[in-house]
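Notes follow the structure.
Only heavy atoms go into these numbers, but all of them, side chains included; no hydrogens, no water, no symmetry mates. Computed from a predicted model, the values in this text were never measured in an experiment. Order of the sequence lines sets the chain letters (A, B, ...), proteins ahead of strands, with each chain counted from 1.
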2 protein chains.
Amino acid sequence: MAGGRPAELNATAASLLGFLHEGPMTGWDLVATAQRRIGDFWSLTQSQVYRELSGMAGAGLVEAGERGARDRRPYRLTEAGRRAFAAWIARPPGPETIRFPLLLTVLFGGHVPPERLAEFMATHRKVHAERLEEYERRLAEGVPDRYGAATLDFGLRYERAVLEWFDGLAAGDLPLC
Amino acid sequence: MAGGRPAELNATAASLLGFLHEGPMTGWDLVATAQRRIGDFWSLTQSQVYRELSGMAGAGLVEAGERGARDRRPYRLTEAGRRAFAAWIARPPGPETIRFPLLLTVLFGGHVPPERLAEFMATHRKVHAERLEEYERRLAEGVPDRYGAATLDFGLRYERAVLEWFDGLAAGDLPLC
DNA sequence: TGGTACATGTAACATGTTACATGATTAG
DNA sequence: CTAATCATGTAACATGTTACATGTACCA
């Protein structure tokens, strides 16, 4: 995304444009916003955000404003950016990808001492339990909009399913937790 | 992974080594095996497999045998490969990453005409329903080992949770299915 | 004999990750 | 004054994706 061509937005860049519909934001703000609002089902890093922003600035999809305090540099959506976002979101979303290293460890579990496997499982179970609690907290605090509610609902169901998986294994025949 | 150093295996390469414990295999076979056994929670492509194989061959973790019919080139695990795999699997597995484009579309659902969103949801629901059926078929056909059973169980629970999410939304307040 | 499935591989590019360098501002 | 946090960015590298080029063997 250097020259200026439309060049098919990627989902990460498109999401940044999505957030910029709510008003100008700096890279820093976008990182925080994205992590809070889509971070649970779309991973991204700070350096990616800056890269996409400068790429999109080069392509004319966003425009950098004056630097403010602490060098904050706000980006705002251009008309071209708005169109690019609209074109992106009108396309059918692709299939999801999950990459779950723990499941690899489980699949090759025959190569792991049972107590070590149990340790791994316990650690991960804890992470998921905390994530579920966090989601429940957000639910209790009240949800922004119906769309945010829908994605939160996904997270709740996902984490519950994962916890049930852990507990089912512990109760069953894999050495666990 | 060019030189010869141990150089920290990645999960994809390590999984290939894991499969090679069951005997020598060609790149082609490894692609098929990996897609069947870990493809549901660890995506990989053909060209990645060949790249990792030649990298690992350079690092001495696998050795290519004589080319057979149809240019088939079997790779077998070396002692160094066995050790590298053991070192990899002894490390605590990292956190999982989910990247679910449909959820992005849902989060930005305000920018999508309701009937189009419903169309996307219906398409994805169908994919997940079919995946669940496929997993149930595998379960009915009988499972290879307890570890494979555990990962299959995860898949079943995941797909059921996703379907319940779709159906919950359809019954609730998002325009759907 | 022609199409399909098998089989290997490269090239080019896009995306993701980690580490680092630099400096401003604020809170204690 | 000093440590933590805010803020931007680059560099280097690892990984993932897509497209293509090449050829073999089987089967109808």
Side-chain angles (χ1 to χ4, degrees), chain A residues 1-3 5-16 24-35 38-39 41-59 62 64-75 88 94-99 101 104, chain B residues 1-3 5-16 24-35 38-39 41-59 62 64-75 88 94-99 101 104:
Chain A
M1 178 153 297
R5 255 68 27 184
E8 297 287 296
L9 230 40
N10 66 52
T12 300
S15 299
L16 299 180
M25 274 191 266
T26 66
W28 186 264
D29 295 337
L30 280 166
V31 171
T33 301
Q35 265 161 7
I38 61 175
F41 50 86
W42 195 266
S43 72
L44 34 60
T45 63
Q46 177 252 43
S47 72
Q48 239 180 116
V49 169
Y50 284 108
R51 178 157 72 194
E52 296 298 347
L53 278 177
S54 66
M56 291 195 293
V62 296
E66 292 297 293
R67 281 178 192 278
R70 286 189 183 208
D71 255 25
R72 290 173 61 86
R73 166 175 283 201
Y75 285 89
W88 174 79
E96 97 266 35
T97 36
I98 312 183
R99 304 198 111 203
L104 292 177
Chain B
M1 177 154 298
R5 254 65 31 184
E8 296 291 294
L9 230 40
N10 67 50
T12 301
S15 298
L16 299 179
M25 274 191 267
T26 66
W28 187 264
D29 294 338
L30 280 166
V31 172
T33 301
Q35 265 161 8
I38 61 175
F41 50 86
W42 195 266
S43 72
L44 34 60
T45 62
Q46 177 253 43
S47 72
Q48 237 181 116
V49 168
Y50 284 108
R51 179 157 71 194
E52 295 298 348
L53 278 176
S54 65
M56 292 195 292
V62 296
E66 293 296 294
R67 281 179 192 276
R70 287 187 182 205
D71 256 26
R72 290 173 64 85
R73 165 176 282 201
Y75 284 90
W88 173 78
E96 97 265 36
T97 36
I98 312 184
R99 304 199 111 201
L104 292 177

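Minimum atom distance to the side chain of A:Arg72 is reached by D:dT8, of the listed D:dT8, D:dT18, C:dC6.
The residue among A:Trp42 and B:Thr26 whose nearest nucleotide of DNA chain C lies closer to the 5′ end is B:Thr26.
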Quick one: which protein N/O atoms are closer than 3.5 Å to N/O atoms of nucleotides 9-12 of chain D? Pair and distance per line, please.
| from | atom 1 | to | atom 2 | distance (Å) |
| --- | --- | --- | --- | --- |
| D:dG9 | OP1 | A:Arg67 | NH2 | 2.8 |

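Between B:Leu53 atom CG and D:dT15 atom C1' there is a gap of 15 Å when expressed in whole angstrom units. In this structure, the CH2 atom of A:Trp28 is 15 Å from the P atom of C:dT25, given to the nearest Å. Regarding B:Met56, its CE atom lies at a distance of 15 Å from the C1' atom of D:dA14, rounded to whole Å. Going from atom CD of B:Glu8 over to atom P of C:dT18 covers 12 Å, rounded to whole Å. Distance, A:Gln48 CD to D:dA14 C1': 13 Å, rounded to whole Å. Distance CG (B:Leu9) to P (D:dA14): 13 Å, rounded to an integer number of Å.
Summarising the geometry of B:Gly27 relative to B:Val49, their closest heavy-atom pair is O-CG1, 3.9 Å, with the distance given to 0.1 Å. Heavy atoms only, all atoms of each residue included: A:Pro101 and B:Gly94 are closest at CG-O, 3.5 Å.
Residues in residues 42-51 of chain A take part in no salt bridge (charged side-chain N to carboxylate O under 4.0 Å, His left out) pair, two or more places apart or across chains.
For the atom pair CG (A:Leu53) and CZ (A:Arg73), the distance works out to 10.5 Å, reported to the nearest 0.5 Å. Rounded to the nearest 0.5 Å, atoms OG (A:Ser15) and CH2 (A:Trp88) are 4.5 Å apart.
The side chain to side chain contact (heavy atoms under 4.5 Å, CB included) check on B:Thr97 picks up A:Ser43, A:Arg99, with sequence neighbours excluded.
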